Amino acid sequence: MESVHFSSDKLQKTLQTENRPGSPGKLAVSLTFARRALLKIRYQPEQLLDVTFFPVLMTLMFTYLFGGALAGSTSQYLQFLIPGILVQTVIFTTVFTGVSLNTDIAKGVNDRIRSMPVWSPAPLVGGLLADAVRYAMASVVVLIIGLVLGFRPTTDIIAIAAAIVLVLVFAFSLSWVFTTIGLVMRTSAATMGISMTLLLPFTFVSNILVNPVTMPSWLCALVTINPVSLLTTAVRELMHNQFDWAAISWVFVASACFIAVFAPITMRLYRRK
Amino acid sequence: MLDMPQGSSSDYAVLASGLVKQFGKKVAVNGVDLAIPRGTVYGFLGPNGAGKTTTIRMLATLLQPDAGEALIMGHRLMKEPDAVRRHISLTGQFASVDEILSGRENLIMIARLMGYNAKQAKKRADQLLEAFGLTDAASVQAKKYSGGMRRRLDIAASIVVRPDLLFLDEPTTGLDPRSRNQIWEIVRALVASGTTVLLTTQYLEEADQLADRIAVIDHGRIIAEGTSSELKASIGSGMLHVRLQQADQRARAQEILASVLQSPVHSATDPLLLTAQIQQPELAIRALGELAAASIEVTDFSLGRPSLDEVFLTLTGQTAEPKEEVKA
Ligand SMILES: Nc1ncnc2c1ncn2[C@@H]1O[C@H](COP(=O)(O)OP(=O)(O)OP(=O)(O)O)[C@@H](O)[C@H]1O
Ligand SMILES: [Mg+2]
């Protein structure tokens, strides 16, 4: 499919017509990178498996494996579980952010981008923004499955939307931990391994699956201060009762901490690559 | 500060002195000085592992030098990387386009990053695709492009906004002659429009065809620098290769050639082969006549331009190292 000769005249013209545009803003370039990541999904729809198939699997598995034993009946347990599964699924999805960064960073196109006069965090921020879209898809999938299985939120659509936004904010912040890991590790397999090892206790030592009152007191304390528990509590409250401002504030504090610590580290590592 | 060659920094696109880069124990670049006049093509000639890519990556703000300094279009490389980036563009050795996306999407993305709005970006992308003969493949993923098309797309991406200084890292390696000629034509057009081009290559002929000045680099050092004719004068205008019938006649043949040609004759590892620099083609004819007179049978001979290996042979007295690519 080698095409026709390229044209010298036209080439000359492209070199002359030169009105150098002004530098774009930080947000604009970040959005360009986000758009690039989303465009790629069109060519590689399998990228969406982790935000579609995985949430379905998690929801079904936990509902039917634990539902009966933990809450007497699956329909009751669902009311408790679905907000937690929403949190858990999205948090697991954040791992892929680090893994894909680790793969992308080795590509030649990165050299080009980093030698261009664009705001240097933009590729990362754009990538994370695009991932937020993926997290939103995962959230919606979990909610739909939940509704099909019998989950019945008792608040309104605004509170549910707020819950999803809260999860996205937290996931976006947590992603910086995994981008750091993705930049430190040599291979994507190692990135995956380390990230999962950190993530498993982080998600399971929480109130996602069970109420911590029956746990030994030291574990209960750990569960209570785990940001994942705070997020889960806030989301549960948003879906069943009200805005729990204390829990919501703590989620923001935890998110801010993740960003404050890991975004600068990520950026340092990224510039050095 | 830099010890500047004659003229001021505004005459040069690149002024570098003492650039060093080390990876672990491996010194990839070992004290490179460069003075690249604006508006010219500068050829960086060297075998695998010589340090070409590493030097380019330093000059393009991607890699921090361990020592040395450089002025790129008058801006200090280390202190003002953002100012440097406004003047340069990089076409890396391995595809520096996004292979998953189509050619058009790649160019639109770069245009957006450069500050074009959506409409202008599309227009600019289509204009470039047409000029580079890629219109038919505009919406095909870059990974499905042929080598030549990919290279053209890569260069098109580098001139979405025409840079003052363009780095082209081995732009024609692995391309067929036709694609290679197209790339050469693009480089010439770029220089005509005012861009300075620093290109690396493993082919002497390419440096010869395109470059105003050439630096020969080996083991991280520049071992020769000058215009193409200066370099050629130092290595002779051509090479005579003679293949003998009988290996035991080689010593005798070597003597005869050396005395007629008045230049060193190298015996290759192949026991039947002799190679000599020649200054004038007439001498080669005489030398062959003398061999025949001494009843030394020649099965084959050729008269050619010096290859990179032979440039090395002459400049360093040893062949370019066999290419072991051991990446740490
Ligand atoms: N990131 C790195 N880590 C370790 N060693 C490296 C790294 N990059 C380059 N090297 C080594 O530094 C030396 C110079 O490499 P460089 O890529 O600059 O050579 P080159 O002239 O571009 O070669 P080629 O023609 O193969 O592209 C080589 O020995 C290479 O193995
Ligand atoms: Mg190279």
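In the text below, chain A, chain B and the rest are named by the order of the sequence lines, each starting its count at 1. The shown structure was predicted, so the numbers you read here are calculated from the model rather than taken from an experiment.
- Chain A forms the most heavy-atom pairs under 4.5 Å with one residue out of B:Ser158, B:Ser89, B:Gly92, and that residue is B:Ser158.
- Heavy-atom distances place both the backbone and the side chain of B:Ala157 under 4.5 Å from chain A.
- Enclosure of atom CZ in A:Phe252 is not indicated, since only 12 or fewer non-hydrogen atoms of other residues, nucleotides or ligands lie within 6.0 angstrom.
- Summarising the local packing, CE of A:Met137 is surrounded by 12 or fewer heavy atoms from other residues, nucleotides or ligands at distances under 6.0 Å.
- Checked by atom type and distance alone, the side chain of B:Asp212 pairs as donor or acceptor with a backbone atom of B:Val41 at under 3.5 Å.
- At a 4.5 Å heavy-atom cutoff, the contact between A:Val29 and chain B is made by backbone and side-chain atoms alike.
- Chain A forms more heavy-atom pairs under 4.5 Å with one residue of B:Ile159, B:Thr61, B:Asp82, B:Val97 than with any other, namely B:Val97.
- Enclosure of atom CD1 in A:Ile157 is not indicated, since only 12 or fewer non-hydrogen atoms of other residues, nucleotides or ligands lie within 6.0 angstrom.
- No salt bridge links B:Glu105 with A:Lys40; every basic N to acidic carboxylate O contact stays at or beyond 4.0 Å.
- With chain B as the partner, the residue from A:Leu31, A:Asn110, A:Val118, A:Val109 showing the most heavy-atom pairs under 4.5 Å is A:Val109.
- Using a 4.5 Å heavy-atom cutoff, the side chains of A:Leu174 and A:Ile91 are in contact.
- For chain A, no part of B:Asn117 is nearby; none of its heavy atoms comes within less than 4.5 Å.
- For B:Leu190, the parts lying near chain A are the backbone and the side chain together; criterion is any non-hydrogen pair under 4.5 Å.
- Interface residue B:Leu101: backbone and side-chain heavy atoms are both found under 4.5 Å from chain A.
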